[in-house]
Amino acid sequence: MLDLKMIRQNPEAVKSGIKKKGRDPKLIDNILVLDKEYRELLVNVEELKSLKNKASDEIAKSPKDQRQKLIDTMQDVTKKEKNLEEKMKKVKEELDAMMIELPNPPLESVPEGKNENENKVIKTVGEKPSFDFKPLDHMALGERLNLIDIENASKTSGTRFYYLKNEAVLLEFALVQFVIGKLIKKGFSPIIPPVLVQEKAMFGTGFFPADRNEIYHVNPRSETNPDGDDLFLVGTAEVPLCMLHYDSILANEKLPLRYAGFSTCFRREAGSYGKDTKGILRVHQFDKIEMFSFCDPKKSEKEHELILSLEEEIMKELGFHYQVVLICGGDLGAPAAKKYDIEVWLPGQQRYRELTSCSNCTDFQARRSNIRYKTAKGNEILHTLNGTACAIGRTLIAILENYQNKDGTVTVPEVLRSYVGKEKIN
RNA sequence: GGAGAGGUGGCUGAGCGGUCGAAAGCGGCGGUCUUGAAAACCGCUGUCCCGCUUGCGGGACCGUGGGUUCGAAUCCCACCCUCUCCGCCA
């Protein structure tokens, strides 16, 4: 959500911002018209309310036998006020609906561009590993080493599910230990959040209304099911981590507050029929460790670089060759003002694939979720940032494909060996 | 799943149709006292919105949304949440 006052004061800047995201700048004009209408109605309604408040006082103070006359005249005023108020409410609803659809304008440093093809590679680290044999993809390796079972998962749950087995499970636990341990050392508090959330959590983080299609709705309430739970499965721990400070005011000295949340993530992948159908790259359920930071608005750009650097550190320690991609305006989601992806080279597929992603959401989520911090001037909306510390499924893919040997075995990355308890998977 | 209790300011908690933005206590800020600190005493101390604008005026907020009423923290309805007991289960 954007600040309406800011839109009033600086409509042109907001227009060019949402244009960069590929949205129609006329939206802003429409909003300003409604806003003006709303405020005019508000003044009228409040005048009538003021009148009512005064009259109520008088009625209370006047002797009983004189009350009825005053009450009669006030009945009319109340009727009038209710009518006006209803009109005002409708305008406000329309205005709110438009406001909640507005995306966060990108920062200056975000490149123009319509879609992912115009994202900018800003950094490449390491080199493509060379093999003296034809490297297999992760599915071939996973089946051969009895680590991934998609066939039985499809019997159980349908497409885009998988069983993780044997050393794949050990690798997952190793990654969790390794990454969480590292983040704790960097000052992050480890969290295991709830993954079923209420609708307001989805709105507060900006996933609704934009990405409603992507989210599983659990036991929806309806006429035929009035006792439904009406909960939603999170697609990322970002949602419940943000909710940790929903509707609250944080002490300035406590910022930045940094959390590392481990959770299972659920995604419908509704818009991606036929895309990445092989293997476990794009699945309905996976585990992920997510970083989340609540910070001072003046420091959020620096915080963003810090989160990116932590992601890079993990990539480097795992020995991956990767590139850092700066996402262009048209490819940014609604909440993000700026986003970096890290894409790791997958030898089995002969291409780079996204393993992590970190976003600066500036005040967008914080305003929707009403998260503020104390300043000398009063309470102000703070900034929120999030970043993938480790998407475990995709990291498994990268490990299998990059650490494979000619004989079909996979070497365990050095930093994980003490957790896995072996050097090689065979 | 069954039976209850309850959600009030940063916190504890009173109020249960008008004089209530709301007692009291704690905490916080400022002052007096003190060499300094503590104690004691005195004063101040919520958020949001709108209008004219150094200031002032108005409105809203007692879990959320409706309703009754001239008037609702207080009465009615729905929803959300918390707690206790019993049952069931990891």
Side-chain angles (χ1 to χ4, degrees), chain A residues 1-9 31-93 95-97 99-100 192-204 208 217-223 225-232 240 243-255 257 264 363 366-382:
Chain A
M1 183 104 82
L2 309 196
D3 183 5
L4 233 183
K5 268 186 208 158
M6 191 266 288
I7 297 177
R8 270 178 221 151
Q9 283 160 10
I31 281 173
L32 287 175
V33 168
L34 274 178
D35 174 50
K36 190 156 178 269
E37 193 180 340
Y38 165 69
R39 278 184 296 154
E40 281 165 9
L41 285 166
L42 182 67
V43 169
N44 290 338
V45 167
E46 289 191 350
E47 269 168 15
L48 286 175
K49 282 194 172 171
S50 172
L51 192 74
K52 275 174 56 176
N53 287 342
K54 275 183 203 131
S56 289
D57 268 4
E58 277 175 43
I59 290 171
K61 279 177 200 153
S62 65
K64 276 204 176 131
D65 55 318
Q66 286 167 40
R67 282 187 186 184
Q68 197 50 48
K69 216 172 126 191
L70 281 166
I71 288 173
D72 287 344
T73 57
M74 286 324 288
Q75 277 172 339
D76 283 347
V77 175
T78 296
K79 234 180 249 167
K80 209 199 268 176
E81 186 258 325
K82 283 216 165 124
N83 274 334
L84 253 189
E85 192 165 6
E86 211 164 292
K87 213 185 277 176
M88 180 184 80
K89 239 192 209 163
K90 271 188 194 147
V91 174
K92 183 73 161 70
E93 267 168 29
L95 179 62
D96 286 345
M99 284 298 290
I100 206 146
I192 295 178
V195 294
L196 278 166
V197 302
Q198 291 176 12
E199 193 170 32
K200 68 171 181 228
M202 288 295 183
F203 271 102
F208 284 3
H217 193 174
V218 177
N219 193 16
R221 187 171 308 135
S222 66
E223 276 176 40
N225 183 25
D227 296 324
D229 298 297
D230 227 15
L231 292 169
F232 299 86
M243 289 302 287
L244 272 173
H245 296 296
Y246 187 83
D247 199 19
S248 41
I249 300 166
L250 305 176
N252 195 5
E253 319 81 73
K254 282 194 181 161
L255 302 181
L257 276 169
T264 301
D363 58 353
R367 181 166 292 104
R368 287 185 177 222
S369 300
N370 195 26
I371 307 171
R372 292 169 295 168
Y373 73 113
K374 282 195 173 120
T375 71
K377 283 188 220 153
N379 302 320
E380 284 178 36
I381 304 281
L382 49 70

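Numbered from 1 within each chain, the chains take letters A, B, ... in sequence-line order. Not measured: the values here are computed from a predicted model. Worth knowing before you read on, the calculation uses all heavy atoms, side chains too, and leaves out hydrogens, waters and symmetry mates.
Along RNA chain B, the nucleotide nearest to Lys200(A) and the one nearest to Lys61(A) differ in position, and the one closer to the 5' end is contacted by Lys61(A). Along RNA chain B, the nucleotide nearest to Leu51(A) and the one nearest to Arg372(A) differ in position, and the one closer to the 5' end is contacted by Arg372(A).
G31(B) and A37(B) have their P atoms separated by 11 Å, with the value rounded to a whole Å. Separating the C1' atom of G25(B) from that of G15(B) is a span of 16 Å, rounded to the nearest Å. Here, C81(B) and C75(B) have their P atoms 23 Å apart, quoted to the whole Å. For the C1' atoms, the distance from G27(B) to G13(B) is 14 Å, rounded to whole Å. To the nearest whole angstrom, the two P atoms, one in A23(B) and one in U47(B), are 16 Å apart. Nucleotides G1(B) and G87(B) have their C1' atoms positioned 8 Å apart, rounded to a whole Å. Here the separation of A39(B) from G46(B), taken at their P atoms, is 23 Å to the nearest Å. Taking atom P in both A72(B) and C20(B), one finds a spacing of 15 Å when rounded to whole Å.
Here Glu47(A) lies out of heavy-atom contact (under 4.0 Å) with every strand. Asn53(A) comes within 4.0 angstrom of sugar-phosphate atoms only, judged by non-hydrogen atoms across all strands, and of no base. Counting non-hydrogen atoms under 4.0 angstrom, Lys69(A) reaches nothing in the nucleic acid. At a threshold of 4.0 angstrom between heavy atoms, the contacts of Asp57(A) with the nucleic acid are absent. Among the atoms of the strands shown, none is found under 4.0 Å from any heavy atom of Lys79(A). If you check every strand for non-hydrogen atoms under 4.0 Å, Leu42(A) touches sugar and phosphate atoms only. If you check every strand for non-hydrogen atoms under 4.0 Å, Arg8(A) touches sugar and phosphate atoms only.
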Please set out all donor-acceptor pairs under 3.5 angstrom arising from side-chain atoms of residues 43-55 of chain A, sequence neighbours excluded.
from: Lys49(A); atom 1: NZ; to: Glu85(A); atom 2: OE2; distance (Å): 3.4
from: Lys52(A); atom 1: NZ; to: Glu81(A); atom 2: OE1; distance (Å): 3.0
from: Asn53(A); atom 1: ND2; to: Lys49(A); atom 2: O; distance (Å): 3.4

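Under the 4.0 Å criterion applied to side-chain N and carboxylate O atoms, Glu93(A) and Lys89(A) are not assigned as salt-bridge partners. Under 4.0 Å is where a charged nitrogen must lie from a carboxylate oxygen, and between Asp35(A) and Arg39(A) at least one such pair does.
Contact record, Leu250(A) with His245(A): CD2-ND1, 3.5 Å, taken as the closest heavy-atom pair.
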key: Bracket notation of RNA chain B in which parentheses pair within the strand, [ ] cross earlier pairs, and | pairs with another strand (Watson-Crick or G-U, under 3.5 Å)   = ((((((((.[[[..)..(.....]]]((((((.......))))))(((((((..))))))).[[[[[..)....]]]]])))))))....
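Residues that satisfy the ring pair (Phe, Tyr, Trp, His ring centres under 6.0 Å) test with Phe232(A), not counting sequence neighbours, are Phe208(A), His217(A). Applying the side chain to side chain donor-acceptor pair (under 3.5 Å) test to Gln9(A) and every residue at least two apart in sequence or in another chain returns nothing. Among residues two or more places apart in sequence or in another chain, the side chain to side chain donor-acceptor pair (under 3.5 Å) test is passed with Gln75(A) by none.
Considering only heavy atoms from C-beta on, Leu231(A) comes within 4.5 Å of Gln198(A) through its side chain. In this structure, the side chains of Val91(A) and Lys87(A) stay at 4.5 Å or more apart for every pair of heavy atoms. Using a 4.5 Å heavy-atom threshold, the side chains of Asp229(A) and Val218(A) count as separate.
Mapping heavy-atom proximity under 4.0 Å, the span of RNA chain B touched by chain A runs 5' to 3' from G18(B) to C81(B).
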